[in-house]
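These notes are about the structure you will find just below.
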Amino acid sequence: MDTDGFTTCLWFDGQAEEAAQFYVSVFDDSKLGDVVRNTGATPGEEGSVLTVEFTANGQKFVALNGGPEFTFNEAISFQLDCDDQAEIDHYWEKLVEGGGEHGPCGWLKDRYGVSWQVNAKRLTQMIGDPDREKADRALKAMMTMGKLDIAELERAYAGGA
């Protein structure tokens, strides 16, 4: 078994190359890899893209043009743990460019239907606080948000209105 971790395979219906290019453009430490094209032995038009390997934010992926049989849903999502509001703002807008959807509680879907959680590292600390009243205030505040607002989460956590 490969000792470099896992490679996540993302199933697309004809958009594998476009999606790989999009994800590489969103994240630092990203690059495109090998492209495998359909042959007469595989379904799909001969010469069309079958798979594209890519790295996004240091994580390995392969985008597969598998057809329309399967689509993405919220059962699987990618969580981005952001250091500050600027980072949250960047990913929140970048990932929905071109037809994505903003969702509740820091969740969104990109234009391909892939779900993302744009999270604040600080929120994780707040909700893990052994003081359950403080943690619950932060959680309740998060439940009212689309894009996470760290300053508002901090106010709620501290007991402010």
Side-chain angles (χ1 to χ4, degrees), residues 1-13 15-16 18-33 52-66 68-161:
M1 177 187 262
D2 186 347
T3 58
D4 289 335
F6 295 95
T7 299
T8 301
C9 180
L10 300 173
W11 181 294
F12 295 93
D13 182 17
Q15 309 108 329
E18 174 188 317
Q21 291 171 349
F22 172 69
Y23 296 128
V24 166
S25 77
V26 170
F27 298 100
D28 292 335
D29 192 16
S30 301
K31 65 180 179 179
L32 292 172
V52 179
E53 294 177 355
F54 67 100
T55 302
N57 201 33
Q59 302 295 310
K60 298 182 302 183
F61 292 88
V62 63
L64 166 70
N65 278 327
E69 292 85 1
F70 302 108
T71 58
F72 299 109
N73 66 51
E74 293 82 358
I76 299 288
S77 63
F78 294 102
Q79 184 172 333
L80 300 173
D81 290 319
C82 299
D83 290 323
D84 55 35
Q85 192 65 49
E87 202 171 36
I88 288 172
D89 295 347
H90 168 79
Y91 289 118
W92 186 256
E93 293 308 320
K94 196 74 175 161
L95 285 166
V96 297
E97 275 182 5
E101 301 172 15
H102 293 138
C105 306
W107 286 65
L108 60 84
K109 285 186 182 181
D110 67 28
R111 66 179 90 166
Y112 304 103
V114 175
S115 292
W116 297 84
Q117 298 175 55
V118 183
N119 185 45
K121 287 181 185 176
R122 180 66 182 123
L123 175 61
T124 302
Q125 295 166 347
M126 287 185 244
I127 65 177
D129 192 315
D131 182 333
R132 292 314 313 156
E133 288 182 13
K134 291 170 78 174
D136 286 350
R137 287 193 303 262
L139 278 168
K140 285 178 184 175
M142 179 207 61
M143 296 298 289
T144 68
M145 297 177 182
K147 177 178 68 174
L148 298 184
D149 180 330
I150 296 173
E152 186 58 35
L153 291 166
E154 290 284 5
R155 276 192 287 284
Y157 177 72

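In this structure, CZ on Arg137 lies 9.0 Å from OH on Tyr157, to the nearest 0.5 angstrom. Considering CD1 of Ile127 and CG of Asn119, their distance stands at 7.0 Å, rounded to 0.5 Å. Summarising the geometry, atom CG belonging to Leu64 is positioned 4.5 Å from atom SG belonging to Cys9; distances are rounded to the nearest 0.5 Å. One finds the CE atom of Met126 at 10.0 Å from the CG atom of Asp129 (value rounded to the nearest 0.5 Å). The line from CD1 of Ile76 to OG of Ser115 is 9.5 Å long, rounded to the nearest 0.5 Å.
Listed by chain and residue number, Phe27 satisfy the side-chain contact (heavy atoms from CB on, under 4.5 Å) test with Asn57 (two or more places apart in sequence, or in another chain). For Asp29, the side-chain contact (heavy atoms from CB on, under 4.5 Å) test picks out no residue, with sequence neighbours left out. By the salt bridge (charged side-chain N to carboxylate O under 4.0 Å, His left out) test, Asp13 is found to be paired with no residue, residues two or more places apart in sequence or in another chain being considered. Phe70 meets the ring-ring contact (aromatic ring centres under 6.0 Å, His included) test with Trp11; sequence neighbours excluded. Considering only residues two or more places apart in sequence or on other chains, Glu53 meets the side-chain contact (heavy atoms from CB on, under 4.5 Å) condition with Asp34, Val62. In this structure, the ring-ring contact (aromatic ring centres under 6.0 Å, His included) partners of Phe61, at least two apart in sequence or on a different chain, are Phe54, Phe78. Residues satisfying the salt bridge (charged side-chain N to carboxylate O under 4.0 Å, His left out) criterion with Arg122, sequence neighbours excluded, are Glu154. Applying the ring-ring contact (aromatic ring centres under 6.0 Å, His included) test to Phe12 and every residue at least two apart in sequence or in another chain returns Phe72, Tyr112.
Here the closest non-hydrogen pair linking Leu123 and Leu148 is CD2-CD1, 3.8 Å. Residues Ala156 and Ala141 share a closest heavy-atom pair of CB-CB, 3.6 Å. Minimum interatomic distance between Leu32 and Gln21 (heavy atoms only, all atoms of both residues): CD1-CG, 3.9 Å. Across every non-hydrogen atom of Leu108 and Tyr91, the tightest pair is CD2-O, 4.3 Å. When all heavy atoms are compared, the tightest approach of Val24 to Ser30 is O-CB, 3.6 Å. When all heavy atoms of Gly5 and Lys60 are compared, the closest pair comes out as O-NZ, 4.2 Å.
Within the structure, salt bridge (charged side-chain N to carboxylate O under 4.0 Å, His left out) pairs that include any residue of residues 138-148 comprise Asp89-Lys147 (at least two apart or interchain). The salt bridge (charged side-chain N to carboxylate O under 4.0 Å, His left out) analysis of residues 107-118, with sequence neighbours excluded, yields the pairs Glu74-Lys109. Applying the salt bridge (charged side-chain N to carboxylate O under 4.0 Å, His left out) test to pairs two or more places apart or on separate chains, those with a residue in residues 77-87 are Asp83-Lys121.
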Name the atoms and distances for all side-chain donor-acceptor pairs under 3.5 Å in residues 92-104, with sequence neighbours left out.
unit_1, atom_1, unit_2, atom_2, d
Trp92, NE1, His102, NE2, 3.2

